[in-house]
Every structure is written in C-alpha cells, then in structure tokens.
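Structure, as structure tokens:
Read the numbers this way: they start at 1 and go in the same order the structure lists the ligands and their atoms. Because the structure is predicted, anything quoted here is derived from the model rather than measured. Keep in mind that the numbers below use all heavy atoms, side chains included, and drop hydrogens, waters and symmetry copies.
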Amino acid sequence: MVIIEVNNNSASAKIALQGAHIFHYARKGEKPLLWLSDISDFQDGKAIRGGVPVCWPSFGMNNPNLPQHGFARTALFEHQSTKEIDANTTEVILTLSYSQETLTLWPYKFELELKVTVSDKLTMELITKNIDDKVFKITQALHTYFPVSHISDAKIKGLNNKPYLDALTSEQLTQSGDVIFEEEVDRVYQEVNSEVLLVDRDRTIHIQNEGSSSVVVWNPWIEKGKRMSAMRDDAYNDFVCIESANAFEDFRLIEPGESHTLKATIY
Ligand SMILES: O=P(O)(O)OC[C@H]1O[C@H](O)[C@H](O)[C@@H](O)[C@@H]1O
C-alpha cells in the first residue's frame with residue numbers, strides 16, 4: 001500500500017493513498033490523536049480499521065445501492081501535491097475522479113479532493129465537485145477514530161440538548177448532559193453547529209466542523225466489538241468514533257458545476 005508520510009516541526013502524519021486514509025497524526029512529543037487497530041489489515045481493497053476513513057458518497061447504508069460507507073474508502077486516490085507551507089505546516093492534496101467502475105456503482109461524474117493540513121492541528125477538507133450535467137445527492141463522513149485511555153473515562157461535551165437518531169432503535173431522542181459510554185452507542189446527532197469536545201482522563205480533544213450539521217458518535221461495545229473486522233475483541237475499550245458528517249437528513253444536493261466542502265479540524 002502506498003503511504004505518504006509527513007513530518008514537520010509541529011507534527012507527523014501518515015496517509016494511505018487507498019481511501020485517502022489518514023491513519024496516524026500526532027503533535028511532536030505527544031500521544032497520537034487518532035486510534036489505529038494494531039491488527040488492522042493494510043490490504044488493497046480492505047478499509048483500514050482506525051484513523052479517518054472517508055465515507056463517501058454514502059454514509060452507512062444511506063444509499064442502499066452502494067456498499068456500506070460508499071466506495072471511496074477503498075478506492076485508490078491520486079497524490080496531487082505535498083506543499084511545505086512553512087516549517088510547521090504541510091498540506092497534502094489527494095484526489096479521486098469518476099471512472100468506469102464508479103459510474104457502474106454510482107452514475108455521476110465527480111471530482112473528490114481531500115486536502116489535509118498537518119500542523120499543530122489536523123485539518124481535513126473533503127471537497128465534492130459535481131462535473132456531471134445532473135444534480136446528485138451525497139451523504140458522507142470523516143469517520144474519525146479517537147483513542148481514549150479507557151472508554152469508561154471518555155465523555156463527549158457539546159451535544160447537550162441536541163436531537164439525535166438512535167441508529168440501534170431508530171428512535172428520535174434528545175441528548176441530556178454529556179455523552180458517556182456504558183453500552184453500544186450508534187447515534188446521529190443533528191443540528192450540531194459548534195465545537196464538540198472529547199474529554200478523556202488526561203486530555204481534551206477539540207473537533208470543529210464546517211459544512212456539516214450532523215455528528216455520528218459510535219462505540220461498538222462488547223458484542224458488536226467481537227464481530228468487527230480487523231480489531232481485537234476488547235478494542236472497544238480503547239476508542240470512540242466522533243464522525244464529522246452529512247448523514248441522513250443532513251444530506252447535500254450538489255448541482256452541476258457546484259461543489260461542497262466538509263471540513264473537520266481536530267486538535
Ligand atoms: O464496520 P464499518 O463498515 O467500518 O462501520 C463501522 C461503523 O460506522 C459508523 O459509525 C456506523 O454508524 C456504525 O453503525 C458502523 O458499525
């Protein structure tokens with residue numbers, strides 16, 4: 001698998017061309033900000049378990065005609081450029097264009113770009129351009145896996161009073177207080193227009209999204225954790241996914257010639 005490595009004065013990162021998949025990011029002298037399964041496959045055609053899978057042009061099974069989370073996370077992107085903005089900042093641009101294969105799965109001409117900026121923050125901009133002559137609909141996510149010291153120590157702040165879809169029961173509910181983890185959690189928070197914080201025992205991670213009002217919070221817990229591919233049975237203790245999304249009712253319609261940017265900044 002082809003991997004791009006970034007190393008500057010403020011941070012390091014590793015990005016696989018397959019899926020434009022960032023699977024490592026750490027500020028100098030600090031623990032990684034992304035979780036990666038220690039038994040993840042780095043095999044062509046299989047999504048890496050951890051880091052930031054790019055779910056596109058469908059989140060989950062939002063488009064039932066596509067594979068779960070769409071096709072981008074296992075597609076081979078092209079490396080357009082790596083630019084040293086300054087000694088602390090590196091910008092990497094990866095792109096994916098329509099092909100005969102994608103047109104068979106999803107009949108639209110598109111250009112997809114992931115712009116990754118590695119500095120004391122990790123910034124990801126997922127830009128969808130419609131180069132077809134008909135409108136298309138996307139749902140998507142930057143499906144970030146964050147490491148936690150232990151799942152029982154993790155708290156998510158910034159979602160209090162937000163409506164959410166409980167994907168396990170299909171109920172529409174309202175969050176009360178911080179999100180904590182005592183069972184399987186698979187929720188699509190809506191109307192999220194401000195920062196979300198992952199508060200752990202010894203650090204707080206900030207997640208800021210633009211072009212998105214949905215945030216997916218997921219931890220598979222014990223039973224689903226055992227069924228997940230490419231992770232250990234007890235790995236659910238070690239991570240939480242907080243996904244910067246355009247999911248379900250937060251889908252985007254993109255007109256011919258138009259584009260949409262989903263941006264997530266984490267630090
Ligand atoms: O196993 P994957 O296809 O990578 O999906 C992993 C998870 O992604 C999202 O968070 C969904 O909300 C979950 O329902 C799903 O289990």
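An N or O contact shorter than 3.5 Å is missing between Tyr145 and ligand 1 by distance.
Counting atoms of ligand 1 from 1 in the listed order, those under 4.0 Å from a heavy atom of Met228 are 1 (O). Close contacts of ligand 1 with Arg49, meaning ligand atoms under 4.0 Å from a residue heavy atom, involve 1 (O), 2 (P), 4 (O). Against a heavy-atom cut-off of under 4.0 Å, Phe59 is close to the following atoms of ligand 1: 12 (O). Residue Asp186 has at least one heavy-atom neighbour below 4.0 Å for each of these atoms of ligand 1: 11 (C), 12 (O), 13 (C), 14 (O). Taking every non-hydrogen atom of Gln68 and a distance limit under 4.0 Å, the qualifying atoms of ligand 1 come out as 2 (P), 3 (O), 5 (O), 15 (C).
Side chain of Asn130 to backbone of Asp132: a donor-acceptor contact under 3.5 angstrom is found. In this structure, the side chain of His69 engages the main chain of Gly60 through a donor-acceptor pair within 3.5 Å. A donor-acceptor pair is defined here as one N or O able to donate and one able to accept, closer than 3.5 Å; such a pair exists between the side chain of Ser212 and the backbone of Ala245.
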* Residues Asp178, Lys157; criterion salt bridge (Lys or Arg N to Asp or Glu O under 4.0 Å); working and verdict -> CA-CA 5 Å; Asp178 299 341; Lys157 291 188 181 285; 2.9 Å; yes
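Evaluated for a side-chain contact (heavy atoms from CB on, under 4.5 Å) with Leu198, the options Thr204, Val148, Val217, Ile266 yield exactly one hit, Val148.
Atom 6 (C) of ligand 1 has its closest protein heavy atom at Trp218 CH2, 3.6 Å. Closest protein heavy atom to atom 8 (O) of ligand 1: His143 NE2, 2.8 Å. For atom 16 (O) of ligand 1, the nearest protein heavy atom (residue, atom name, distance) is Lys224 NZ, 2.7 Å. When only non-hydrogen protein atoms are considered, atom 10 (O) of ligand 1 lies nearest to Glu243 OE2, 2.6 Å.
Counting heavy atoms under 4.0 Å from ligand 1, residue Arg73 touches it through the side chain alone.
Between Phe71 and Phe110, the ring planes are tilted. Angles from 30° to 60° get that label. The aromatic rings of Tyr145 and Phe239 lie tilted to each other, with the angle between the two planes from 30° to 60°.
For the 3.5 Å distance criterion, the side chains of Asn7 and Lys28 qualify, holding a donor opposite an acceptor.
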